[in-house]
Amino acid sequence: VRDVRAPLACAAPEGDCCPALAALDSRERFSPADSTDLAAKETLELTFDVPAGGAVGLALGARQTLLPTFLLYQTFAYMGREAGAWLARLERSDLTLAGGGPSRLIGGIEVQVQEASGRWITAGSIREHGPLATDVHLIALPTLPAGQQVIRLHLTRGAWRIDHAALAELGPPVQPRRLRPAAVYQKGTFDAEALALLLDSTRTLTTMPGDTYTLEYRLDEGFDGYDLFLESRGYYLEWIRQEWLAEEDPQRLARMLFAPQQMLRELAPAFKAVEPNMEDAFWRSRYAR
């Protein structure tokens, strides 16, 4: 992309949010969840100066809040000792969840533009999962008239922390050059087995809580003018904490999976009670060996 433009104006329910969205600087715009319905939506209106001619896209840097995490682990708690069996059924797609389950109701960030008729349409959406890292996504937009235009973001209240929003002109495709790790170290010692596992797409490097690996890449001359991205693929094994078992409740689990709209209203007071301190507690609860 090229000609990246910050928004001229940003209208949110709380007022102007331009300072939070102007740059990718960890200054995030977020809102509290609704007190009666965790699926309640809100709309942000971003005004951009659209250039004449070429195709444009909206770049968004965002991460989830801890609302989806709260719902995920509350569901595990309701599963209790049967969590393994329930998760296996969900992975086999033996169950049809009402409305796609609570995660579908929370949804992503819909990017909307206005047609000449005045009707708002969704140009694309972001459905990144997880509260850890801010990821930058690009949503290609339909052809927009030059000049000041409004782009809407439609999302669930309290579910997203948006760090950056920008309009960018789309340039020609660029083919990335992929570099494989040259060396892997654990505790400062070269780990040949870990390197072999990471270089083999049919195998996995299994890490345990507290493990730290350092990956070394070798760049050719001239790479100081390139942007670098890390591409990775993997998964993690979920666990059930002992204290969750006290909340095992098949009836509430059934409502969570098959009547999620009801449960998102029912759980709103419980989430609102912990929401103010969740982010701070989450980042202080890191695992250490």
Side-chain angles (χ1 to χ4, degrees), residues 12-15 17 20-21 26-44 62-84 86-87 90 97-110 126-135 153-163 209 236 238-288:
E14 71 276 12
C17 59
L21 304 187
S26 298
R27 184 178 181 182
E28 300 167 321
R29 184 272 165 189
F30 60 95
S31 62
D34 187 80
S35 61
T36 60
D37 184 0
L38 296 180
K41 306 298 181 184
E42 65 180 358
T43 300
L44 279 62
R63 64 186 176 102
Q64 288 184 321
T65 67
L66 291 169
L67 171 57
T69 302
F70 169 85
L71 295 172
L72 175 66
Y73 289 116
Q74 187 62 66
T75 302
F76 287 162
Y78 292 156
M79 290 177 177
R81 293 169 178 81
E82 298 298 317
W86 277 104
L87 292 173
L90 290 169
L97 303 184
S103 65
R104 182 68 62 179
L105 292 178
I106 296 299
I109 302 177
E110 292 185 32
I126 294 170
R127 293 191 60 85
E128 184 71 32
H129 294 290
L132 292 178
T134 296
D135 294 308
L153 303 181
H154 188 63
L155 61 157
T156 296
R157 285 183 56 185
W160 291 90
R161 304 177 76 95
I162 305 176
D163 192 349
Y236 68 93
E238 192 51 78
W239 68 93
I240 301 299
R241 299 187 180 185
Q242 185 67 31
E243 56 266 30
W244 294 350
L245 299 180
E247 295 188 66
E248 185 173 353
D249 192 325
Q251 292 185 347
R252 285 197 165 195
L253 174 62
R255 293 202 299 276
M256 182 73 88
L257 299 180
F258 308 117
Q261 287 182 317
Q262 175 185 346
M263 280 304 294
L264 290 181
R265 291 191 291 268
E266 187 175 325
L267 286 171
F271 179 74
K272 293 298 292 183
V274 298
E275 183 183 30
N277 301 315
M278 281 192 75
E279 186 81 9
D280 180 62
F282 178 80
W283 289 106
R284 286 190 292 104
S285 63
R286 62 184 58 186
Y287 184 93

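All of these numbers come straight from a predicted model, not from anything done at the bench.
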Contacts of Thr156 meeting side-chain hydrogen bond (donor to acceptor under 3.5 Å, both in side chains) (sequence neighbours excluded), chain-then-number -> Lys41
Taken to the nearest 0.5 Å, the spacing of Glu243 CD from Leu245 CG works out to 8.5 Å
One should read off an interatomic distance between Leu90 CG and Met79 CE, to the nearest 0.5 angstrom, of 5.5 Å
Inset, instruction - Evaluate the side-chain proximity of Met278 to Thr69: yes if any heavy-atom separation is below 4.5 Å, no if none is. - result: no
Residues passing the ring-ring contact (aromatic ring centres under 6.0 Å, His included) test with Phe76, sequence neighbours excluded, are Tyr73
- prompt: Ile126 versus Leu155: any side-chain heavy-atom pair under 4.5 Å?
  reply: no
Across all chains, not counting sequence neighbours, the side-chain hydrogen bond (donor to acceptor under 3.5 Å, both in side chains) partners of Arg252 are Tyr78, Glu266
Practice problem: Inspect the surroundings of CD in Gln251 and state if more than 12 heavy atoms from other residues, nucleotides or ligands are less than 6.0 Å away. | Solution: no
Sub-4.5 Å side-chain heavy-atom contact between Leu71 and Leu264:
yes
Within the 4.5 Å heavy-atom criterion, are Phe258 and Leu253 side-chain neighbours or not? no
Heavy-atom count around Gln261 CD within 6.0 Å, excluding the residue itself: above 12?
no
So does Ala33 get a backbone contact from the side chain of Glu275, meaning a donor-acceptor N/O pair under 3.5 Å? yes
**Asked** With a 4.5 Å limit on heavy-atom distance, are the side chains of Glu247 and Asp249 in contact?
**Response** no
Tightest non-hydrogen contact, residues Ser103 and Arg127, listed as O-NH2, 3.5 Å
Exercise. Test Thr75 against Trp86 for side-chain contact (heavy atoms from CB on, under 4.5 Å), laying out the working first.
Key: CA-CA 10 Å; Thr75 302; Trp86 277 104; over 6 Å; no
Separation between CG (Leu67) and CG (Leu267), nearest 0.5 Å, reads 10.0 Å
Show the numbers, then the answer: is there a side-chain contact (heavy atoms from CB on, under 4.5 Å) between Phe271 and Asp34? CA-CA 10 Å; Phe271 179 74; Asp34 187 80; over 6 Å; no
### Task
Could you please spell out the steps behind the side-chain contact (heavy atoms from CB on, under 4.5 Å) verdict for Trp283 and Leu132?
CA-CA 9 Å; Trp283 289 106; Leu132 292 178; 3.9 Å; yes
Value for CG (Leu87) from CD (Glu82), rounded to nearest 0.5 Å, stands at 11.0 Å
Closest heavy-atom pair, Ala273 versus Pro276, reported as atoms and distance to 0.1 Å, is O-CD, 4.1 Å
Is there a side-chain contact between Pro102 and Met263 (heavy atoms, below 4.5 Å)? no
Would you check if the side chain of Gln64 reaches a backbone N or O of Gly130 as a donor-acceptor pair within less than 3.5 Å? yes
Residue pairs passing the salt bridge (charged side-chain N to carboxylate O under 4.0 Å, His left out) test with at least one member in residues 69-79, sequence neighbours excluded, are none
Sorted by chain and residue number, the salt bridge (Lys or Arg N to Asp or Glu O under 4.0 Å) partners of Glu279 (sequence neighbours excluded) come out as Arg63, Arg161
Taken to the nearest 0.5 Å, the spacing of His154 NE2 from Leu44 CG works out to 11.0 Å
For Ser35, the side-chain hydrogen bond (donor to acceptor under 3.5 Å, both in side chains) test, sequence neighbours excluded, returns none
Rounded to the nearest 0.5 angstrom, the CD-CH2 distance for Glu128 and Trp160 is 7.0 Å
